Every structure is written in C-alpha cells, then in structure tokens.
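See below for the structure under consideration.
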Amino acid sequence: MMDEEVQERRLGFAVKVIGRAGFPSHDPRRWRSGPNVGVSIAALHRILDYVGEEKIRMYRMSSDFVPYVTHPDMPQFHRQIAEHADALAAVGEHARRRDVRLSLHPSQYIVLNAHDDSIVQKSINDLDSQAELLDAMQQGPEAVVVLHVGGAYGDKAAARDRFVRHYARLSEAAQRRLVIENDEFTYSLEDCLWVNARIGVPVVFDHQHHRLNPGPMSAAEAARAALATWPPAVTPKVHYSSPRLDGREIRRGKEVRLEVPLLRQHADYIDPWTFADFLGTLRDLRFDVMLEAKAKDLALRKLRADLRALGCADVLRQPRAS
DNA sequence: CGATGTCAAGGAATC
DNA sequence: GATTCCTTGACATCG
C-alpha cells in the first residue's frame, strides 16, 4: 500500500495557505522590527502539519523565507542560515517525514542575464542563498530553485548567451539546484531547451506560458521534451494554471471594451477538463504538478474533488519509479 | 480604529 | 527620460 501512494502524482501549491486561517508563510516584518528566519521556520512547521492533514505533498516556500538575507545594506541579516542550521535541519526533516517536496521561486527582481553586473551579482547572491537554504534543510535533489531565463534586452540570443555565462558564476549548490521555466513573453520552451543543451540545467514546463508563448511543438510534445531534461533519478515537475476569464469593462462613451491582459493572469481555480486532457497525454511519464492558482491550496483541494466528480481522477496516477 | 502609504529589488511598454 | 504596470499582501504609519 506504500506503493499505491507512490503512484499518486504530487500536486503542489505556492506559498500562501488560504484554506485555513492563521498559517503565514514566513516572518513578514520590516527590517526595523528585526524579522528572523526562526519565525519563518516555526511557520513552516505549522504549514507542514496542515499539508500533511490534507495529504498535499508539494509546497513552494516563500522566496522571503529568510528575511533580508541578501540585502546589500543589511549585513546583520546575512548569517541567519548558518545561525539556524539546527532548526533548519529539523524543519527539513519534518518535510521529508511527510514526503513533502519543497521548492523555491525567486522573485521577478532576480535576473541572472542582466546587463548591469550589480544586478547580476545581487541575483547570484540570492540564488546562492536559496540553494544554501535547501541544503541547510538537507533536502534531496527534487527540491529545486525555479528561475526564468530573464530579460531580452532587444537581443534575445545575446541575452541567452549571457545567462549561460553567468550561470558559471553560481555556487556549486546553486548550479545543482537551479532549473529554468519557460515564460509567457520572451523565452519559450525551445529557448529553454537551447539553454539546457548548453549547460544541462533542467526545464520546468509551464503549460499556460507555453500556450501564451508557443513554438512549433504542441503542449504534449513540449512537455515531453522538458521532462526529458531532468536526471533519471529526479522526478520532474511541471507548472499548470488556468487563465482568468472575467474581464474589467472599460466604457468610453458608447464603446465598451474588455481588458484582454487579464487572460494572462492566473484564475482562482484550475479548469479540471483541460487539466485532465493535458495529463491524459502524458500518462506514461512520472512527474509532479505545481498548481498556480490564486486560491492556492483551496484550488488544489477543489481540483482533486472536481476530477473525482468528473470521473477523471485517474490522470493523477502515474507509473512506478523504475 | 480605519484609512492610507509603503515595501529591497527589474523589465518592458508607453508616452 | 519619466511613468506605469506586473501583482501581492500585510506591515507601518497617520489621522
């Protein structure tokens, strides 16, 4: 029966618990109040208890988990990971005990392929720190740091080359943890595969980004190509979201138009039919699915319930590890 | 106490 | 060159 559990695909959600009150993701206080990773660790223990109850086995931690840890003007915060090594190892053990796969996704300000070297160096410091955190939590190779390739700066090929060059400056830990994700505007899945071919960094397939910024491959083909970039011993993962369908009406005299950009945003919940169709094309492959929906853990719980109600919960089953 | 302003950070589109 | 959006919530401060 252990084997049956292993056959269930992991579904995950990002950062914020909204299905229950009183589960902050980290210590959110401003620097004047002396925020500390110890508070974030206590918060994560609570979240792990919650996801354990809900049988959720994947969770993206807040990228602000260690407050101000790389802030250039605040060296007093820079040693938190070393100072809390024991507590970090303990919370990491808690996650492993519950079989919860952890990940991190640095914010939009982390741009490894920037022109400005001060931005590059700040980004490297942040990525090194995020990898150091997962190492301190003694997580296996499935705990990855997910990053977009970055800006285009009017010359995508040159910017892509810069990503490859700057990657070499990351710490060993950051290089080992880093994976890249296709984005909705600039770097398509093909671009990510190009980077993978150069430096071996695995690719997270983001379904909605692929639909918004597609190449020649269908979603299923693109997902297969991305999944193949992962080492055989590491379960890959993909990102899945549904578009916001409501629109804000803008009235100008008699004319009424709808704001289209909302479509690029994440919906509150996941459309179970399109989700099931997509997973149905990949039944033979092992991978986890990170859901990106505004309703977070509630969206995950609702998706599971919806798939059961619609009779397609079998798409959450996957082949055994080989 | 409720309302408002603020938060470390970048890129790109728009004007 | 400057402004705004992206997107996010809750801290922090003010009235």
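Atoms considered below: every heavy atom in the structure, side chains included; atoms not considered: hydrogens, waters and symmetry mates. Treat the numbers as computed from the prediction; the structure is a model and nothing was measured. Each chain gets a letter, A, B and so on, in the order its sequence line appears, and its residues count up from 1.
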Picking from [options], which would you name as closest to the side chain of [X]?
X: A:S107; options: B:dA9, B:dG11, C:dT13; value: B:dA9
X: A:Q265; options: C:dG9, B:dG10, C:dT7; value: C:dT7
X: A:P72; options: B:dG11, B:dA8, C:dA12; value: B:dA8
X: A:Y68; options: B:dG10, C:dT13, B:dA8; value: B:dA8

Could you tell me how far apart [X] ([atom1]) and [N] ([atom2]) are, to the nearest whole angstrom?
X: A:N125; N: B:dG10; atom1: CG; atom2: C1'; result: 16 Å
X: A:H105; N: C:dT8; atom1: NE2; atom2: P; result: 13 Å
X: A:F23; N: C:dA10; atom1: CZ; atom2: P; result: 15 Å
X: A:D27; N: C:dA10; atom1: CG; atom2: C1'; result: 12 Å
X: A:D73; N: B:dA8; atom1: CG; atom2: P; result: 10 Å
X: A:K156; N: B:dG11; atom1: NZ; atom2: C1'; result: 15 Å
X: A:H266; N: C:dG9; atom1: NE2; atom2: P; result: 13 Å
X: A:N213; N: B:dA12; atom1: CG; atom2: P; result: 13 Å

[atom1] atoms of [N] and [M], separation to the nearest Å:
N: C:dA12; M: B:dA8; atom1: P; answer: 10 Å
N: C:dG9; M: B:dG11; atom1: C1'; answer: 22 Å
N: B:dT4; M: C:dT7; atom1: P; answer: 25 Å
N: C:dT8; M: B:dG2; atom1: P; answer: 26 Å

Under the side-chain contact (heavy atoms from CB on, under 4.5 Å) criterion, do A:R10 and A:D99 qualify, and how do the steps go?
CA-CA 10 Å; A:R10 284 179 163 120; A:D99 192 29; 2.6 Å; yes
Short side-chain N/O contact from [X] to OP1 or OP2 of [N], under 4.0 Å:
X: A:Y109; N: B:dG11; answer: no
X: A:K294; N: C:dT8; answer: no
X: A:Q108; N: C:dT7; answer: no
X: A:T70; N: B:dA8; answer: no

Just checking, any donor-acceptor pair under 3.5 angstrom between side chains of A:S118 and A:D116?
yes
Do A:Y50 and A:D297 have side-chain N/O donor and acceptor atoms under 3.5 Å apart?
yes
Residue pairs passing the side-chain hydrogen bond (donor to acceptor under 3.5 Å, both in side chains) test where at least one lies in residues 164-173 of chain A, sequence neighbours excluded
A:D117-A:R169, A:Q121-A:R169, A:D128-A:S171, A:E172-A:R176
Please state whether the rings of A:H115 and A:Y153 are parallel, tilted or perpendicular, taking 30° and 60° as the class boundaries.
perpendicular
Can you label the angle between the A:F275 ring and the A:Y240 ring as parallel, tilted or perpendicular, going by 30° and 60°?
perpendicular
What contact category does A:D64 fall into here, base, sugar-phosphate, or nothing, at under 4.0 angstrom with non-hydrogen atoms?
base
Hey, does A:T186 reach any base, or is it just sugar-phosphate, or nothing, if we go heavy atoms under 4.0 Å?
nothing
Before accepting this row, confirm whether a basic side-chain N of the pair A:D288/A:R57 lies closer than 4.0 Å to the acidic partner's carboxylate O.
no
Out of curiosity, A:K294 NZ to A:K16 NZ, how far, rounded to the nearest 0.5 Å?
12.5 Å
What stem regions, each of at least 3 consecutive Watson-Crick or G-U pairs below 3.5 Å, can be found for DNA chain B?
B:1-7 with C:9-15, B:10-15 with C:1-6
Look at the side chain of A:R29 against the base of C:dC11 and say whether a donor-acceptor pair falls under 3.5 Å; ignore hydrogens and angles.
no
